[in-house]
Amino acid sequence: MRPDPIAESTLQAAREALAREDRVTVLTGAGISAESGVPTFRGKGGIWRERNVTELATPEGFARDPKLVWEFYNWRRDLLQKCSPNPAHLALADLEKEKDGFVLITQNVDGLHKQAGSRNILELHGNTWRTRCPGCGRREDDPRGHVPYPPLCPQCGSMVRPDVVWFGESLDPGILEESARASQECGLFLVVGTSAQVYPAAALTPLAKRSGATVIEVNLEPTPHTELTDFALTGPAGEILPLLIGKG
Ligand code: OAD
Ligand code: ZN
């Protein structure tokens, strides 16, 4: 899907706004990884359409049936191992090299931004490739495709869990605070591939707007925040971001 002629002029204006600004904060959601083959959570083919959020993505679900939760995360690890960054992730890694005040906030737990070469990343919802021990708090990188069950903490023997934020849990306060600051202090806020339904992440776009930033949204469809954006670019992130950021 190519941007239509009207979007072409919007795209040009958005390119100019981006070129003028050095303090750029980006917020990404599952949509940026869709073209890498990672399913989104909501909408067509979304994970939460076919699976039960309460069983798989809450602390209560993990307490009730940790094996089921680990089977789900091992399924996701399997799938993610076959995925690689797409042109949208790569364009953001390029953008970071050009901007001194660049911050990338992501809700994604797939690790694809890092793989693409992004450096200054705030992972709001954690990372699938890391485990955390509920007993002693130990965190460990675990890049294995499959985590054998039961995964036990080498330090205290408790069963470790994926180091991701589940429904009903608080985000890391330090990461949230840095994200809020980056949203308030930027001159341009670029929001890509998020349905803007999950808080507190969804509060960052209005916060940036209230603080005076120009807001660019890239999404396949309108979201609750499209109205407050200065430039809404409709289409696949893997096509739009290289056009927005590229030097062409
Ligand atoms: P969602 O699945 O809610 O939304 C994905 C968004 O991406 C939708 O607005 C789609 O229109 C858009 N989209 C899909 N494909 C796209 C493409 N190729 N290019 C551009 N946009 C595209 O995902 P999130 O908003 O990230 O939380 O969901 C937020 C949180 O809810 C996730 O981090 C996850 C989930 O439950 C946790 O796991 C804690
Ligand atoms: Zn432990």
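Atoms within each ligand, like the ligands themselves, are counted from 1 in listed order. Residue numbers count from 1 along this sequence.
- For atom 34 (C) of ligand 1, the nearest non-hydrogen atom of the protein is Phe41 CE1, 3.5 Å.
- Distances below 4.0 Å separate heavy atoms of Pro236 from the following atoms of ligand 1: 18 (N), 19 (N).
- Taking a cut-off of under 4.0 Å to the non-hydrogen atoms of Val165, the atoms of ligand 1 that pass are 37 (C), 39 (C).
- Residue contact check: Glu221 has heavy atoms under 4.0 Å from atoms 11 (O) of ligand 1.
- Shortest contact from atom 31 (O) of ligand 1 to any protein heavy atom: Arg42 NH1, 3.1 Å.
- Heavy atoms of Trp48 found under 4.0 angstrom from ligand 1 belong exclusively to the side chain.
- With respect to atom 29 (C) of ligand 1, the closest heavy atom belonging to the protein is Gln107 OE1, 3.3 Å.
- Residues Glu8 and Arg15 are not paired through a salt bridge, judged by the lack of any N-O separation under 4.0 Å between the basic side chain and the carboxylate.
- Under 4.0 Å from ligand 1, the heavy atoms of Ala34 that appear belong solely to its side chain.
- One option in Leu171, Asn219, Leu220, Asn86 has a heavy atom closer to atom 10 (C) of ligand 1 than any other, and that option is Asn219.
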Steps toward side-chain hydrogen bond (donor to acceptor under 3.5 Å, both in side chains) verdict (Thr226, Glu217): CA-CA 7 Å; Thr226 303; Glu217 181 184 62; 2.7 Å; yes
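- Between Arg23 and Asp100 there is no salt bridge, since none of the side-chain N atoms of the basic residue sits less than 4.0 Å from a carboxylate O of the acidic one.
- Closest protein heavy atom to atom 23 (O) of ligand 1: Ala30 CB, 3.4 Å.
- Of all protein heavy atoms, the one lying nearest to atom 18 (N) of ligand 1 is Glu35 OE2, 2.8 Å.
- For atom 6 (C) of ligand 1, the choice among Gly238, Gly43, Gly193, Ala237 with the nearest heavy atom turns out to be Gly193.
- Considering backbone and side-chain N/O of Ala196, none are found under 3.5 Å from N/O of ligand 1.
- In this pair, Tyr73 and Trp70 present their aromatic rings perpendicular. The plane angle is above 60°, beyond the 30 to 60° band.
- Among Leu56, Val198, Asp110, Thr40, the residue whose heavy atom sits closest to atom 30 (C) of ligand 1 is Val198.
- The heavy atom nearest to atom 13 (N) of ligand 1, considering only Gly29, Gly31, Gly235, is found in Gly31.
- For atom 27 (O) of ligand 1, the choice among His125, Glu217, Gln197 with the nearest heavy atom turns out to be His125.
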